[in-house]
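For reference, the structure discussed in these notes is given below.
Ligands are counted one by one from 1 in listed order, and the atoms in each one are counted from 1 as well.
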Amino acid sequence: MTEDLHQALNRLEAWMRQYMKSWYNEAEDIQQAIRMKEEHTMRVLGYARELSEHLGLAGNDVIRAEIMGLLHDVGRFRQFTIYRTFNDAQSEDHAALGLKTIADEGLISSLPEKDQEIIRFAIWNHNKKVIEPAPDKISLMYAKILRDADKLDIYYVLEPFIAPSDGTGISPDFVRKFTAGEQCDYTMIRTMDDRKLVRLMWVYDINYSWTMKRVLEREYIDKIVRCLPQGDAEIDKGVQRLREYVKEKCNSEDKAE
Ligand SMILES: [Fe+2]
């Protein structure tokens with residue numbers, strides 16, 4: 001017997017709320033990090049629902065996206081508590097950690113096999129540099145939905161931490177890649193300004209016009225651009241290129257595929 005997706009979402013939401021609370025900690029800094037991920041989780045669930053409805057999905061097809069949003073960062077709680085960092089390179093891949101928890105707890109084992117596969121694929125790929133070759137179109141679509149929902153909220157979470165340039169500047173190879181519209185390797189980040197540039201370049205990785213419009217409306221791009229080193233012709237060229245890309249994406253039409 002397989003479980004109805006709607007029932008599964010209710011069960012998983014109750015489980016997840018309980019699970020996240022179980023990582024609460026008396027140390028204020030840990031508590032803050034856990035609460036941040038708790039709130040992020042619930043917002044990503046909401047964005048995954050909104051985006052999939054925007055794409056014309058309904059019923060179980062929307063619930064599938066909500067389940068992914070709910071579970072995508074389940075690995076974060078163990079990760080932070082053990083390693084005191086959200087940096088995967090300095091600890092463990094949090095998507096892998098999360099999938100292990102999902103398997104150990106049998107969280108989705110009552111779902112139809114195909115749903116399990118789609119959910120696991122999206123969660124595994126939500127934090128990778130690029131989406132791995134997908135087994136089919138539907139898996140790819142859900143991976144794209146989850147990445148966009150996640151990214152939209154990451155911009156929100158990071159906003160208060162974006163600060164003006166500390167004067168160290170951007171590494172030359174990062175500037176070159178930015179001007180060329182290419183992604184930078186974030187394991188090579190050397191300065192605070194490098195980090196800001198990488199965040200700005202996530203824009204190139206947004207899949208849907210729906211997401212891009214929200215990123216634009218909320219002025220996340222402008223806020224980062226204002227905090228980049230000023231008066232550098234190469235950086236300005238990269239910003240110009242990025243703005244054109246954003247405009248094009250906003251004017252494109254989203255399709256559920
Ligand atoms: Fe994540």
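Taking the Fe ion (ligand 1) as reference, the nearest N/O/S atom within His126 carries the name NE2. The N, O or S atom of Asp73 with the smallest distance to the Fe ion (ligand 1) is OD1.
Residues Ser52 and Asp61 are not in side-chain contact: their nearest non-hydrogen atoms beyond the backbone lie 4.5 Å or more apart.
A donor-acceptor contact shorter than 3.5 Å is absent between the side chain of Arg120 and the backbone of Asp115. Checked by atom type and distance alone, the side chain of Thr191 pairs as donor or acceptor with a backbone atom of Asp193 at under 3.5 Å.
Residue contacts to the Fe ion (ligand 1): His94 brings an N, O or S atom closer than 2.8 Å.
A salt bridge is defined here as a Lys NZ or Arg NE, NH1 or NH2 lying under 4.0 Å from an Asp or Glu carboxylate O, and Arg17 with Glu13 meets this definition.
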